[in-house]
Amino acid sequence: MFARRSAIVPERAGSPNAHSQKTLVLHHGARNYFCMDAHLEQLFDFLRFPSISTDRAYSDHVSACGEWLYTKFTSMGLRADVNGTPGHPIIVARNGHRADRKTVLIYGHYDVQPVDPLNLWDSPPFEPVIRDGRIYARGSTDNKGQILAHIIGVEETLKRDSDLPVNVIFLIEGEEEIGSPNLGAFLQRNREALRCDAIAISDTGMVAPGVPTLTYSLRGIASLEVKVSGPAMDLHSGIYGGAVMNPISALARMLATLHDAEGRVAVPGFYDGVAPLQDWEKESWAKLPLDDNAVWEITGVPELFGEHGYSALERVWARPTIEINGIGGGYQGEGTKTVIPREAFAKLTFRLVPNQRPEQVVEQVRKHLERVSPAAVRVEFSGGHTGEPFFTDPNSAPAKAAQRALVRTFGGEVALIREGGSIPILQAFKDVLGAEILLLGLALPDCRAHSPNENFPVENFAAGIRLNQALLEELSR
Ligand code: BES
Ligand code: ZN
């Protein structure tokens, strides 16, 4: 196990080592990037939109952010459309296509996750700043910095050559962070116009700074919300405590049965058919410059925890999990309130690996929770977004081209990895467009996606621009 080592504990928000330097001017260390200041200005403009897709209160900001992309694309000489959906718009842009060229679709998202807890940010989430070579803002790494690098790569190539080596289609949606509810139907309706040879996505990670990384598998996702209710109204806990079951206690007991003491999921059937890790994966991952110790340092936990028999990376990348993402009920305000609440709820998500089906897993967990629920409470369920696990061949011809582009950009040897996050639309890309999917991540393990102080290294933004240029060249061959 890993002992606590204070000397190398990573900077924590609010800790004494958390630097308080807050600056709005662009300065990015000793290196002077040609044109980078102009590119960074653009990124800052993009980051200033609070495009939080899950919260209706931000709808206008999400649309405005989509409009910004539309303007950006047209100013580069691309033909662009803002496609309305029942949710947030899908922006599509393309150069002049020629039948004798390969077509590359570049996918990304302009929506972001909510920013709470706001008090843990060292600078406001929608006022981007650079500190120590990193751009701090919500969406900087997931996904605005990564997708804008591709856009600027294309812009620079067009400026230099007045043309691109391939036909390009940008498809940038505003609903990835809520499970892409409208993109599948859009792909179906526009399958001819979106026909392509490869789909390039930078919305994943690299294992360490400067290490070229190709991701060939992502976990799928499914979600379930459980609500436990008892009394018809909140009750005085002195007048009724002892007579009725507290819904929070009932929920806590139920949730505690989801895992055994060692962190293995205890829901019957959950691991049925789960594809085992292959030997070459175990061997090559053990050599990566990212190990359990790094995971321990970045997360700040006293010690790592999870299913026995696997390293932390193996558990995150190739094993399924159940997480409780939120729990609520009862009094949350200051001081005490002697109450038995009428209801309690929990929000659960499941990360799935090849051979698990989202619907089947949701059903297994629902049945399990029903079975362990006490008779003294009522239990209701509601489902949320789902996404199939993704797995592809890292040695296909397009994947080989992607690897060459990665080596041209970063040097060294490509790390072939799986990752634990999900991009739910990938299955629809495969089913509807049938093109090979290339995940060329630019995020670092400590970029804090979805967390306070999300950040993206200026260096990775610059590398992403070069990566786009190398990738389009390699894919054109
Ligand atoms: N960029 C992430 C997906 C990701 C994260 C891939 C880490 C690889 C490593 C994406 O924006 C994301 O956060 N997806 C959500 C999907 C969910 C809300 C349906 C996720 O994984 O939680
Ligand atoms: Zn995300």
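For the numbers below, each heavy atom of this structure counts, side chains included, while hydrogens, waters and symmetry mates do not. Note that ligands are numbered from 1 as they come in the structure, with each ligand's atoms numbered from 1 the same way.
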Shortest protein contact, [atom] (heavy atom only):
{"atom": "atom 9 (C) of ligand 1", "result": "Glu419 OE1, 3.4 Å"}
{"atom": "atom 6 (C) of ligand 1", "result": "Asp203 O, 3.6 Å"}
{"atom": "atom 17 (C) of ligand 1", "result": "Ile221 CD1, 4.1 Å"}
{"atom": "atom 5 (C) of ligand 1", "result": "Gly421 CA, 3.9 Å"}

Contact check: His109 to the Zn ion (ligand 2), N/O/S below 2.8 Å: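 Short answer: no, not a single N, O or S atom is under the cut-off.
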
Contact atoms of ligand 1, heavy-atom distance to [X] under 4.0 Å:
{"X": "Glu177", "answer": "11 (O), 12 (C), 13 (O), 14 (N), 15 (C), 18 (C)"}
{"X": "His109", "answer": "11 (O)"}
{"X": "Pro424", "answer": "19 (C)"}

To the nearest 0.5 Å, what is the distance between OH (Tyr271) and CD (Gln356)?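 If we round to the nearest 0.5 Å, Tyr271:OH and Gln356:CD are 8.5 Å apart.
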
Leu471 CG to Leu440 CG distance, which is reported to the nearest 0.5 Å: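 Leu471 atom CG to Leu440 atom CG measures 5.5 Å (nearest 0.5 Å).
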
At a non-hydrogen distance cut-off of under 4.0 Å, which region of [X] contacts ligand 1 (side chain, backbone, both, or neither)?
{"X": "Asp142", "answer": "side chain"}
{"X": "Ile178", "answer": "neither"}
{"X": "Arg351", "answer": "side chain"}

I'd like to check whether [X] has a polar contact with ligand 1, where a contact means an N/O of the residue lying under 3.5 Å from an N/O of the ligand.
{"X": "Ser422", "result": "yes"}
{"X": "His450", "result": "yes"}
{"X": "Gln113", "result": "no"}

Check each of Phe170, Phe186, Phe429 against Tyr107 using the ring pair (Phe, Tyr, Trp, His ring centres under 6.0 Å) test, and report the only one that passes.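 Result: among Phe170, Phe186, Phe429, Phe429 is the only option passing the ring pair (Phe, Tyr, Trp, His ring centres under 6.0 Å) with Tyr107.
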
Assess the side chains of Asp203 and His109: does a donor N or O sit below 3.5 Å from an acceptor N or O?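 Asp203 vs His109: donor-acceptor pair found between side chains.
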
With a 6.0 Å cut-off (strictly less than), is the heavy-atom count around OH of Tyr58, excluding the residue itself, greater than 12?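 Check fails, neighbour count at 12 or below.
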
Looking at Arg319, is its backbone amide N or carbonyl O close enough to the side chain of Arg219 to form a donor-acceptor pair, meaning the two atoms are under 3.5 Å apart?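 Checking the backbone N and O of Arg319 against the side chain of Arg219, a donor-acceptor pair under 3.5 Å is found.
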
To the nearest 10 degrees, calculate the angle at the Zn ion (ligand 2) involving OE1 of Glu177 and OD2 of Asp142.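 Once rounded, the angle between the two atoms at the Zn ion (ligand 2) is 150°.
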
Quick test of your reading of the model: are Lys282 and Asp279 salt-bridged, counting only N-O distances below 4.0 Å?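 Asp279 and Lys282: not salt-bridged.
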
Please say which of Glu177, Glu176, Arg138 ends up in a side chain to side chain donor-acceptor pair (under 3.5 Å) with Gln113.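 For Gln113, the side chain to side chain donor-acceptor pair (under 3.5 Å) check succeeds only for Glu177.
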
Nearest heavy atoms of Pro86 and Asn182, plus distance in Å: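 Minimum heavy-atom contact is CD-OD1, 3.4 Å.
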
Flag side-chain contact, heavy atom, 4.5 Å: Pro89 against Asn83: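 Heavy-atom side-chain distance check fails, nothing below 4.5 Å.
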
